[in-house]
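To start, the structure under review is shown below, and the notes come after it.
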Amino acid sequence: MRYGFEVLVSLKAGLLDPQGKAVEGSLPALGWTNVSDVRVGKHIALTIEADDEDAARVQVAEMAERLLSNPVIEDFQILSASELGG
Amino acid sequence: MRYGFEVLVSLKAGLLDPQGKAVEGSLPALGWTNVSDVRVGKHIALTIEADDEDAARVQVAEMAERLLSNPVIEDFQILSASELGG
Amino acid sequence: MAQEQPLHRQLGLTDEEFGDIRQTLGRDPGSAELAMYAAMWSEHCSYKSSKVHLRSLPTEGSAVLVGPGEDAGAVDIGDGLAVVFKIESHSHPSAIEPYQGAATGVGGIVRDIISMGARPIALLDPLRFGPLDEARNRWLFEGVVAGIGGYGNCIGVPTVGGEVHFAGPHSSNPTINVMCVGVAPADRLVTSAMPVHEGSLMVLYGAATGRDGIGGVSVLASATLEEGAEASRPSVQIGDPFAEKLLIEASLELVERGLLEGLQDLGGAGLTCAVSESAARAGLGAELDLDAVPLREAGMEAFEILTSESQERMLAIVSPGKLVQVQAVCERWGLQGVVVAKTITGGGLTVRLGGEIVARVPARSLADEGPVYERPSAPPADLAERQEDDPTFATVTVKAEEAFFSVLASPNVASKRWVAEQYDAHVQHNTIAAAGGDAAVVRVDGTLRALALSSDGKGRFGHLDPYLGAAHAVAEAARNVACTGARPLAITNCLNFGNPERPEVMWQFTESIRGIADACRAFDTPVTGGNVSFYNESGDSAVWPTPVIGMLGLLADHRLRVRSGFRGPGTTIYQLGDTLPELGGSEFAEVVLQMISGKPPALELAHERALQQLLVDAAAGDLLVSAHDCGDGGLAIALAESAIAGDTGFAVTLPADAPWYVSLFSESASRVVVSVDEARIAAFEALVARAGVPLRRLGETGGPRISIDGALETTVEAAREAYESAIPTLLDA
Amino acid sequence: MSRGERVPRIGVVTFPGSLDDRDALHAVELMGAQGIPLWHADTDLQGVDAVILPGGFSYGDYLRTGALARFARIMDAVRAFADRGGPVLGICNGFQILCEAGMLPGALSRNDSLRFVCRPVSIRVETSGTPVTGRLLPGETVEIPIKHGEGRYVAGKEELRRIEGEGLVAFRYSGPDGVVDDARNPNGSVGNIAGVRNGSGNVVGLMPHPEHAVDPDVGPVGGQPLFASLLQYVGAGV
Ligand SMILES: Nc1ncnc2c1ncn2[C@@H]1O[C@H](COP(=O)(O)OP(=O)(O)O)[C@@H](O)[C@H]1O
Ligand SMILES: [Mg+2]
C-alpha cells in the first residue's frame, strides 16, 4: 500500500530565524504593517510503500528524526498522511 | 483580531526539485528503499492583525503571491488559519 | 490569437521558413519535426540574423587553436596547455526569475567549457540592471547575484571578475552575461576535428529529462518579452549545481581516460541540437531512440523530449567497445548514462518513440542549413541630435569636490564589493587577484604562468556611437589586462541588442561588429567565439547596443604581475596618454550634468596598442609599483581607486591649461595612471620615451590625504567611505 | 629516516560535491606532508595520520549542510579513527558534516545576512589544545578567508553553556587585535564562534579556510600555523 506523508521541519522556538526576520522586515515597505511572528520552515512531502499506515508512520518518524531534521536546532511534526492506493 | 496563518510554497509541478531528488537519492543507502516522490517546499507561519478572517486571508494570499513566492516557478497554498484572540 | 495561428507560426517559424522545411523534406513536417526545426532555426540557435555579419570578425591568430564554430574557442598558452573560454547571455530567463535564470546561465556556459574537454577554472559575470531606486530592479539585482553565487559557489569554480552597470534601458531588460574560462592539455581538446565513426554510440548522461524549458531559452530568447510574459514562464528552469559538479568531474574523467570520440553539452534545443550537431559535424546521420531517454515525468510526448532544455545533461560520443568503461565512470559519479542514439552513414536523423518513427530529417538541415537573413539596417533617426548636444561645452556650476564625490558614489563607479563578496573567489587555490583591480589574475595550476581576465562593455558610448562603443570595449578590456602586465591574447564576446527586425537595431549591430573587428585587428586579439543575444527590449525600450568583450591575457610569470593600488609613500605618479576635452558619454556628464549625449571619446587604435605594449614591457622589467587604467569617471576616479586599493594617499597637480572638470573627469581613451619607485624612474622614463607614449608627471604618493592641487582636498578614508557605502545604501532603501 | 623526519600522511576525503578537497591536498603538500585522497564510498583510511573533511557543498548542501554527507560510507571509518584519538579536521563543509554527525557540538545555519560571504577575517585562537593550534597561543590571531552561506554557529542554551564551560571553543571571529565584538562577526555566530573541538580535543572544525591561506604566491599565509601545528601533532617533528 502507498501512503503520502507531509513532514514539517521548523527551527526550535527561541532560535533566531533570519529568513522569517527578513520577510517580516520587507512587509511594511509593501504596505503591510499588521504582520508579525513570521517563521520559515521546511515542508517535506513524500510517498512511502508500507503494509499499513502505522508501519509507514513509524518509518517516517524515524526518517524525520535521523535525516530530515537536526534535533540540535530543529523540531519536526508529521502533518498529514493519506492513502494513495496500492 | 489576530489570526495565525500557515502558507506552503512549493515548486510548480514539472519543475525539477534538486533538494527532493538529493534526499530521495540518499535514502536507499540508509536502508529506506520504499520512499519516492520526495519534494521539499517552504513553510511559512505568520500572525496577522485583521478585522475578520476573510480580510486576513485575502491579505495573506496577496502576500504569498507577491512576496513569499515567485509565481514563475512556485505555487502557494494556504494550509491553515486559526484565531489567536485580540 | 495564438490558437488560431497555424502550428508553425505558434512555434515562431515564418511562412517562408515553413516552406523551406517542406522543400527539404519533400512533404509536410510532422509535429515533432516541426518542433525540432522551430527550435534549431530559432534566432538563439541558428544565428540567422547575425551569421552574415559575424563572418567579418577576425578569427585568425598564431595562438588560436579553435575559433568560432565549436562550443567554445581555444587559445595556446604554451607548455602544451590550451585556454578555452566563452561568454554567453541568460538575460531573458533572468528577467522573470532572477535567481534561477542567472544560476542556469552559469550552468550552461560551464557545460560549453567542459564539452571542449577543459576544466573550468574561472567565471566572470558582466551584469546590467535598471537604476536601483526602483524596487523591481533591486529584486532583479539581488536575485541575479545570489543566483550566480548560488550556482558558481556550489560547483567549485571561482568567480573572479565581471562588471555591474546601471542604466534606464535595462529596467525591464536586465543584461545577464556569464563568461567561463577553462584549461586543458592542448592535445586533449575535444573538437569536431576528432573522428567519429559510423556505429558509434551517443550516451546521454546527467540529469533526467523533464517538461521544464520546453522550447525554453531558444524560444524565450528569440522574441521580445511582452508585459507579463505569462506564456514564456514555464520555460524557466531550476538549476541543480550539485548535478553540474558531478557532470564536470565525470566528463573530465571520460576525457582524461581517452574514452570519447566527441562530447556535446545540451543547451538550446536540447537533445535535438546535441544529436543533430554531433551527427552533422561528423558528416554522418543518427538513429535516436526516445524510449531510452530517462524521463522525470511519465507520458512525455516526442516533441517535448526532443526540445526539452532540462539542465545538467551531456552527450558523449563513444565507440561501442568503450561503452562499459564510460558507463562505469558515470556510475562512479552517481550519474545515469544511457545510450540514446547511434551514428549511421548517410546524413539522416531518424527519431523513434514507442517503436514508431516520429521524425526523419537530414541532420545538416537542422544544424547547418537554417535560414540566413541580411536584415535591413538604418541609423536611428535621433542619433545626430543625440550627438549634437555635447556636454564638453556645457556650463559647469558645481564645485570639484561635490562632483568628485557624486561620481565616486555613482553605482556605475562605486565599489562592487557587495557583489564580489557573494562569490567564492578562492576555490582551486590559484586566484592571485579577484574582482577589484583592472583584470582578475588566475595562476595556471602548477606553473608560473597566469591568466589575466577582463570583461568590458561600454553601453553608454554604444548608445551614442555603436562603432566607437564596441571599439572602446575591446580597448578597455585589453588595457585592463595589460595593466596587470599581461599580454592580451584573444577575445570572446557577447552581443546584447534589441530586436533585429528593427533597422536601427540592425545598424547598431553591424556598426558594433565593425568596431570589434577593427579593434581586434589593431591589437592582434582574434575573436575565438561568443554569443548573440537579440530581442533585449520590451515595449519601446531596447537595451543600449552593448557588446561585452571577454579578454584573455597571459602573464609569463605571475610574480611580475602589477597591482592597481598605490603602495606606500614616496613613489612618483604618472599619467600615460593624453587627456582631451572629451566629456561625451562620460560618467560625469550623466551624474553631474544629467546629460547622456555628445560623441564618445576618440580612439586611436595605434596609440592604444603602443600604450598596452609599453605596460607589458614595463611590467616585464619590473618597473611599475602600480598601474590602473582611466575608465568610467576618468583620471579622478583612477587616482582615487588606486589610493583606496593601496590605502595610500597622494598629492598631484593638474595642467593649468584645462578646466578642472576636463582634467579630472574627461574619459579620453588610452590613459593609465602608474606609480614608480625612485630607483626605477630613469629606466621607466627612457622606456616610455622609446615607446613614444605621452607621459605626464602628476605628483607623489603618501599620507592619508587625497590632494588634487587647486581642485580638491579630502582623505582616503572619506573617499573609501563614499566608494564602499554607495551600493549597500541604495539596497537598504 | 628517523621518526622525527618521517613525512606524515594526511588524508582528505572527497564527498560528492566536495570542492576544496584538491586545495586541502595542495596545502598539506606545500606544508611538507603527503596528501592522501580518500573517497567517500571507501571504508578504509589507508593508514593516514590525520583526516581532513574539506570544504565544498557535499550533496549540494541540500536539506541541510552536511546532513547527507554524514551518512557516507567512509564516515564510519572516520568516526572510529577519531574514537581512537586520531586527529580530524573539518573545514567549512567538513565542520558542518562533523556537527551533523554529532562528532562536534552545535550546528551551523544560514548566515544572518542570508548572503554567502567571501572575505578575509581574523580569528582568535581560544585554546592550544587542538591538532591545529598546538603551535599557537590562546589570544593569538590569524587572518584566513571565509567563504560560506551557512556558517552561523548555533547551539541550545544548555549545550552552549557546556561548550563554553568545558572550553570547547577553538576559534572566535575577532579583530586583528583579538577584540571580539559584533562588528567582527561575519555571520551572526553565537559568541563569535568560528570553530570548536570535541571533549578530548582530537576533533576540531572551523568555518574559515586555512587551506586557502598557505600559498605565498596567491595571497596571505595566515593558515600556515594551523597546518604546521597539525604536522607537529602527527609527529613530523616540525
Ligand atoms: N558574437 C560572436 N562572435 C563570435 N562567435 C560567435 C558569436 N556569437 C556566437 N558565436 C559562435 O557561434 C557558435 C554557436 O554559438 P552558441 O549557439 O552560443 O554555442 P552553444 O550552443 O554551444 O552555446 C559558437 O561557436 C559561438 O562561439
Ligand atoms: Mg554548447
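Throughout, a chain's letter reflects where its sequence line sits, starting with A, and its residues are numbered from 1. Because the structure is predicted, anything quoted here is derived from the model rather than measured.
For E74(A), the part sitting under 4.5 Å from any heavy atom of chain D is the side chain, from C-beta outward, and nothing else. Heavy-atom distances place both the backbone and the side chain of L68(A) under 4.5 Å from chain D. Only the side chain of L114(D) comes within less than 4.5 Å of a heavy atom in chain A; its backbone stays farther off. Both the backbone and the side chain of L16(A) come within contact range of chain D, judged by heavy atoms closer than 4.5 Å.
Of the possible polar contacts, none joining the R110(D) side chain to the D17(A) backbone as a donor-acceptor pair under 3.5 Å is found. Judged by distance alone, the side chain of R64(D) and the main-chain N or O of L67(A) form a donor-acceptor pair under 3.5 Å.
Under the 4.5 Å side-chain criterion, counting only non-hydrogen atoms from C-beta, L63(D) is not in contact with V9(A). Residues D112(D) and K21(A) fail the side-chain proximity criterion, which asks for heavy atoms closer than 4.5 Å.
Put simply, CZ on R70(D) and CZ on R66(A) are 6.5 Å apart, with the number rounded to the nearest 0.5 Å. Summarising the geometry, atom SG belonging to C99(D) is positioned 8.5 Å from atom CG belonging to N70(A); distances are rounded to the nearest 0.5 Å. Here CZ of R152(D) is found 8.0 Å from CD1 of I73(A). Values are rounded to the nearest 0.5 Å.
Surrounding CZ of R73(D) are at most 12 heavy atoms belonging to other residues, nucleotides or ligands under 6.0 Å away.
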Inset, instruction - Could you go through the side chain to side chain contact (heavy atoms under 4.5 Å, CB included) check for V72(A) and E100(D) one step at a time? - result: CA-CA 9 Å; V72(A) 177; E100(D) 278 284 336; over 6 Å; no

